Amino acid sequence: MALTVCTWNINSVRLREPIVLKLLQEEAPDILCLQETKCPVDKFPYDAFRALGYQHVIVRGQKGYNGVSILSRVPVEDAGSHDFCEKGDARHVAVRTGSGLTIHNFYVPAGGDIPDVALNEKFAHKLNFLREMQEWFRAEPPRNAVLVGDLNIAPREDDVWNHRQLLKVVSHTPVEVEQLTLTQGAGAWVDITRRDIPEGPLFSWWSYRSPDWNAADKGRRLDHIWATPDVVDRSGGSRIARHVRGWEKPSDHAPVFAEFDV
DNA sequence: ATGGTAGGTCTCCTA
């Protein structure tokens with residue numbers, strides 16, 4: 001059975017409930033992982049998603065910030081969440097499918113503006129978060145697993161609109177890319193999007209501050225889909241639904257898709 | 001070098 005997985009930083013699930021419904025209707029992923037829902041658990045719009053057939057809704061949330069959730073139209077069970085950096089942030093949740101595939105949904109800290117841990121505690125938090133991911137994957141090596149989410153790092157030169165210009169911009173600095181690479185290695189994760197689309201510019205995020213995001217195309221690939229080696233041969237179909245960035249009242253992120261045979 | 005937009009919440013923080 002083919003399972004379509006989608007990851008999307010939604011930047012307020014309540015404000016963008018209409019376009020989440022539109023995505024579910026037009027693309028019908030089996031599993032949709034959302035980040036930055038900015039919504040407490042008790043205010044999550046469960047019913048609207050269930051009405052479209054997404055009966056399984058796993059939510060972690062807090063007031064105002066962060067928040068991750070997983071909507072599924074195939075049976076999944078809550079596989080728990082990890083509290084990185086002991087801040088109590090809702091930045092991770094996992095589910096397990098009936099076939100035994102584990103799906104991790106991550107929202108890695110953005111890291112603020114200044115790429116210096118001595119001057120910016122948010123940048124330090126981002127790097128510490130990635131180090132704790134590494135510790136976790138080393139202690140409990142993931143198997144039969146998929147990792148998706150807004151990792152807030154564009155690792156490759158062709159994951160940003162201008163490599164040289166972004167070397168000192170948070171999301172593309174060498175120290176962040178190094179930590180992301182170490183995180184990938186710690187779980188033996190394979191970047192499925194780049195396995196499927198190996199060459200060329202590929203973005204999932206365009207700033208709201210850019211007046212003409214589509215024409216200027218100053219994007220970055222911040223949203224990722226990874227899989228463990230035992231899943232890689234059963235994966236494919238990667239794509240980024242760039243047109244969704246142009247919908248009414250859009251998120252600044254576009255949804256990223258991949259398919260898995262389970 | 002700078003400032004640009006957006007969302008949540010309660011006055012400014014975060015992205």
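Keep in mind that this is a model prediction, so the values were computed, not measured. So that the names make sense, note that chain A is the first sequence line, chain B the second, and so on, each numbered from 1.
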Review point. What do the steps show when you test Arg96(A) against Asn144(A) for side-chain hydrogen bond (donor to acceptor under 3.5 Å, both in side chains), and what is the final call?
Key: CA-CA 10 Å; Arg96(A) 195 161 296 116; Asn144(A) 206 14; over 6 Å; no

Exercise for review: Could you walk me through whether Arg242(A) and Asn214(A) pass the side-chain hydrogen bond (donor to acceptor under 3.5 Å, both in side chains) test, one step at a time?
Suggested key: CA-CA 9 Å; Arg242(A) 179 185 171 112; Asn214(A) 196 30; 2.8 Å; yes

Review point. Whole Å only: how far is the CG atom of Asp252(A) from the P atom of dG7(B)?
Key: 9 Å

**Study point:** Upstream residue (5' side of DNA chain B) when Gly64(A) and Pro109(A) are each assigned their closest nucleotide
**Key:** Gly64(A)

Practice item. Sort out for me which residue in Arg91(A), Gln35(A), Arg60(A) forms a side-chain contact (heavy atoms from CB on, under 4.5 Å) with Asn105(A). Key: Gln35(A)

Check your understanding: Looking only at N and O atoms, is any donor in the side chain of Arg16(A) or the base of dA6(B) less than 3.5 Å from an acceptor on the other one?
Key -> no

Check your understanding: Can you find a pair of side-chain heavy atoms, one from Phe84(A) and one from Asp89(A), that are under 4.5 Å apart?
Key -> no

**Study point:** Integer angstrom distance from the C1' of dT11(B) to that of dG7(B)
**Key:** 14 Å

Practice item. Pick the C1' atom in dC13(B) and in dA1(B), then give their distance to the nearest Å. Key: 24 Å

Review point. Does the side chain of Lys38(A) get closer than 4.0 angstrom to OP1 or OP2 of dA6(B) through an N or O atom?
Key: no

Review point. dG4(B) and dT14(B): how far apart are their C1' atoms, nearest whole angstrom?
Key: 16 Å

Exercise for review: Using only side-chain N and O atoms of Lys63(A), determine if any of them is under 4.0 Å from OP1 or OP2 of dT9(B).
Suggested key: no

**Study point:** Nucleotide dC12(B), atom C1' - distance to OH of Tyr65(A) in whole Å
**Key:** 8 Å

Check your understanding: Say you pick atom P in dA6(B) and the same atom in dC10(B); how far apart are they, in whole Å?
Key -> 22 Å

Study note, to complete from the structure: When rounded to whole Å, the NZ to P distance for the pair Lys122(A) and dA15(B) reads 6 Å

Review point. Rounded to the nearest Å, what distance is computed from the CD atom of residue Gln35(A) to the P atom of nucleotide dT14(B)?
Key: 20 Å

Point to revise | Tyr107(A) OH - dG7(B) C1' separation (whole Å) | key: 11 Å

Point to revise | Rounded interatomic separation in angstrom, taking CG from Asp113(A) and P from dG3(B) | key: 13 Å

Exercise for review: Nearest-nucleotide wise, let me know which of Ser210(A) and Arg14(A) is further upstream toward the 5' end of DNA chain B.
Suggested key: Ser210(A)

Review point. In whole angstrom, what separates Arg209(A)'s CZ from dG3(B)'s P?
Key: 11 Å

Point to revise | Aromatic contact, His104(A) with Trp136(A) (centres under 6.0 Å) | key: yes

Review point. Within this structure, what is the CG-to-C1' distance between Leu151(A) and dA15(B), rounded to whole angstrom?
Key: 16 Å

Review point. P atom, dT9(B) versus dT5(B): distance in rounded Å?
Key: 22 Å

Exercise for review: Would you indicate what Lys249(A) reaches in the nucleic acid, counting non-hydrogen atoms under 4.0 angstrom: base, sugar-phosphate, or nothing?
Suggested key: sugar-phosphate

